[in-house]
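All of these numbers come straight from a predicted model, not from anything done at the bench. So you know, we letter chains A, B, ... as the sequences are listed, proteins then strands, and number each from 1.
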Number of protein chains: 2
Amino acid sequence: MVKSSIDQILEGECVEVMKSLPDASVDLVFADPPYNLQLGGDLHRPDNSKVDAVDNDWDQIGGFDDYDLFTWQWMEQARRVLKPNGAIWVIGSYHNIFRVGGILQDAGFWVLNDIIWRKTNPMPNFKGTRFTNAHETLIWAAKTKDGRPTFNYAAMKALNDGVQMRSDWSLPICSGGERLKGDDGKKAHPTQKPESLLHRVLLSTTNPGDVVLDPFFGTGTTGAAAKRLGRHYIGIERDAEYLKVARARLAEIQPASRDAMCVTQSPRAQTRIPFGTLVERGMVKPGDTLYCPKGRHTARVRADGSIIAGERSGSIHQVGAQIQSAPSCNGWTYWHIRTKQGLAPIDVMRAEVRATLEN
Amino acid sequence: MVKSSIDQILEGECVEVMKSLPDASVDLVFADPPYNLQLGGDLHRPDNSKVDAVDNDWDQIGGFDDYDLFTWQWMEQARRVLKPNGAIWVIGSYHNIFRVGGILQDAGFWVLNDIIWRKTNPMPNFKGTRFTNAHETLIWAAKTKDGRPTFNYAAMKALNDGVQMRSDWSLPICSGGERLKGDDGKKAHPTQKPESLLHRVLLSTTNPGDVVLDPFFGTGTTGAAAKRLGRHYIGIERDAEYLKVARARLAEIQPASRDAMCVTQSPRAQTRIPFGTLVERGMVKPGDTLYCPKGRHTARVRADGSIIAGERSGSIHQVGAQIQSAPSCNGWTYWHIRTKQGLAPIDVMRAEVRATLEN
DNA sequence: TGGGGGGTTGAATCCCCCG
DNA sequence: CCGGGGGATTCAACCCCCC
């Protein structure tokens, strides 16, 4: 690895910049390429307000042939810089994902899963002409069929409260305080991804210290999640404004502590809303402290939703039970977080998550 | 349409059999193509050269050529037999859906949605090396970009408790009594789809009496759902055993009653009533005053059904839009008349007129 | 200060008949 | 084939304001 590229954002066209990176030097590529949307005229909501469309120049690649060529170019470079056991993630919608997926296979990548990001709060279809476009698709693929890419199975199972993580992930879109704004108060980037999505991607398929390359860095969500989780990032971005926003963003990120990044080896416990969801969504951060009802015992949160208290580690339920020398414990009511109003049970946050999930 | 093909299962290779069907004769194609190449019969390139028989060739990088060729062949036939406003559904997994989707776009189909069938009870990943493969992907596409395929928006909204149907559908896999068994008690088909899936597909994108072609008929789930819903089917299947099971299955199916097939209708499908009709019938008189919802703006009705508000005159829609400085306006819901009970939208009177037209 | 109501917004291939 | 015009069309989350 070119040491000077680590934890940096490189300015320029992604294909050209990637050519300057050495072979077999990164552990993971995460790519959010232009979707090449082909929108018609203006679109108005039923209340007559206008939808702020993604009409940026960078998304207009041209016809299928142009888009395929562009995809081949960046993907071959991505494959070259990957280590033999490396892997790639690509995200897209029905506009581009079939082309991207097909070229990925043709380029020699080996698809491991396709993952559905199921949006809990998508934009509706205002004209009643189609199904609500409520998801995006990610592809996770190894550099080669024989590669042995990282997969933290136990961590994913722990994050999902003891059952295998499925190929469909329900997560909200990026909005509210997480959504970066420019000086004018408008969104800094039209397609900013939620950190919760990258949290799950990086936690599942990288290890602390790994190098993650994002050739379409934008405002740096991949870098933010990587830095938080103790992974290294290399970003490539050609737009000076996005780059500026991303640099400021990354300067503010505090990495989680070492033990918080250490993930479970053998998980247990079951509940409908996994505690890991709170971590993923940033409601609880890795390294945060949890308190027993009277505040005498404490535990610290790890990135996969397990917690650690002295020698004891495991789920919120397990650790709670051990501390009380009890056969069982409802961690949701036992553990509390400190708020301005004093201690509050984490169950309050579970209720918030429930409200956002439709089952 | 060749009348003898309607509600029949045709035995043979799908490409060859489709060639015997006339152009522009079916309303919908539903295709569940094989994920692996086990072609049985000979496969010929467009120049009539023979393709070497292949068995599952996923192992070889670049071994997708035969699958792509096969996909091109059946898809071009499917497109040919579709009516101009026809549409296609294809279902697949990450093994084949990117290739199928890409070829579908290259063949001139216009993707309308990709739909995720989210399995409520998927098979777990036993080795713990990947995410549980808990979904399959469907693509819904129009024959052409300019086509106007059927979409029963209101019916889908009703099916989903009054909110728009999303692009992710949670349905259980086909099991239990629905799963067809052979004489040996084993499952008759390895990938039988649930009827609930086809129910939603056909209810959303066909009308009663439409003709649905399934070139990979298998044990006939498409035909079963079609017959139940009062749609016609044409099945193509080369395996004599599947064909036998499918025929027995279809013979048992009872179509739903006529009124049960009648689904929630979109207001767009209703007869148009000009505002002038209300004036003609004396329900509104020339000179009457119309009020906006809050009563702040008024307009007066003229004898020809146009209205006038200060300098502005024109249709109820045009004047309403101008007053609100909006790109458009539904005059029927915007304008109100004064009644003893307060303001009432003029849409109430339109409903009265509609009621008198229904005999 | 807490809850309720109104306004805003999000990767969107977003109407269709008739002259 | 194009243009005009009737008239159909939205869900969840987050913000701010106000009582």
Check: Under the salt bridge (Lys or Arg N to Asp or Glu O under 4.0 Å) criterion, do D168(B) and R166(B) qualify, and how do the steps go?
Finding: CA-CA 5 Å; D168(B) 58 303; R166(B) 299 166 39 115; 2.8 Å; yes

Item checked: Length of the line joining D146(B):CG and dC2(D):C1', which is rounded to integer Å -> 13 Å

Notebook entry, point to check: What pairs with T137(A) under side-chain hydrogen bond (donor to acceptor under 3.5 Å, both in side chains), at least two apart in sequence or on another chain?
Noted result: none

Next item on the list: For Q192(A) and for Q341(A), locate the closest nucleotide of DNA chain C by heavy-atom distance; then report the residue assigned to the nucleotide nearer the 5' terminus.
Entry: Q341(A)

Check: In whole angstroms, how far is the C1' atom of dA11(C) from the CD1 atom of I91(A)?
Finding: 9 Å

Margin query: Please list, in numerical order, the residues of residues 311-319 of chain B that have a heavy atom closer than 4.0 Å to any atom of DNA chain D.
Written below: S315(B), H317(B), Q318(B)

Check: By ring-ring contact (aromatic ring centres under 6.0 Å, His included), which residues pair with F126(A), not counting sequence neighbours?
Finding: none

Next item on the list: Would you classify S175(A) as touching base, sugar-phosphate or nothing, given that sugar-phosphate means primed atoms plus P, OP1 and OP2, and contacts are heavy atoms under 4.0 Å?
Entry: sugar-phosphate

Next item on the list: Starting from P on dG6(D), measure out to CD1 on I273(B) and report it in whole angstrom.
Entry: 15 Å

Item checked: Spacing between L278(B) atom CG and dG7(D) atom C1', to the nearest angstrom -> 14 Å

Next item on the list: Take nucleotides 12-19 of chain C nucleotide by nucleotide from the 5' end and write B, S or -, depending on whether a protein heavy atom sits under 4.0 Å from the base, only from the sugar-phosphate, or from neither.
Entry: BBBSSS--

Check: Among R179(A), R200(A), R228(A), whose salt bridge (Lys or Arg N to Asp or Glu O under 4.0 Å) with E195(A) holds?
Finding: R228(A)

Next item on the list: Measure from the side-chain heavy atoms of W332(B) and tell me the nearest of dC11(D), dG7(D), dT9(D).
Entry: dG7(D)

Check: Could you give the CG-to-P distance, from D304(B) to dG6(D), as a whole number of Å?
Finding: 12 Å

Note to self: Strictly below 4.0 Å: does R350(B) bring a side-chain N or O up to OP1 or OP2 of dA8(D)?
What the structure shows: yes

Next item on the list: Based on the glycosidic angle (syn within 90° of 0, else anti), state the conformation of dT8(C).
Entry: anti

Next item on the list: Using the P atom on both, measure dC16(C) against dT9(D) and round to a whole Å.
Entry: 11 Å

Item checked: Positions of residues 178-188 of chain A (non-hydrogen atom under 4.0 Å from DNA chain C), listed by number -> R179(A), K187(A)

Checklist line | Stem segments of DNA chain C by first residue number [Watson-Crick or G-U, under 3.5 Å, at least 3] | finding: C:2-10 with D:11-19, C:15-19 with D:2-6

Check: Does K186(A) come within less than 4.0 Å of D52(A), counting only side-chain N to carboxylate O?
Finding: no

Margin query: Mind checking if G177(A) touches a base, just sugar-phosphate, or nothing, with heavy atoms under 4.0 Å?
Written below: sugar-phosphate

Item checked: Rounded distance (Å) that lies between atom P of dG7(D) and atom CH2 of W335(B) -> 15 Å

Item checked: Separation of dT9(D) P from F151(B) CZ (nearest whole Å) -> 12 Å

Notebook entry, point to check: For the pair made of CG in N121(A) and P in dC15(D), what is the distance, rounded to whole Å?
Noted result: 13 Å

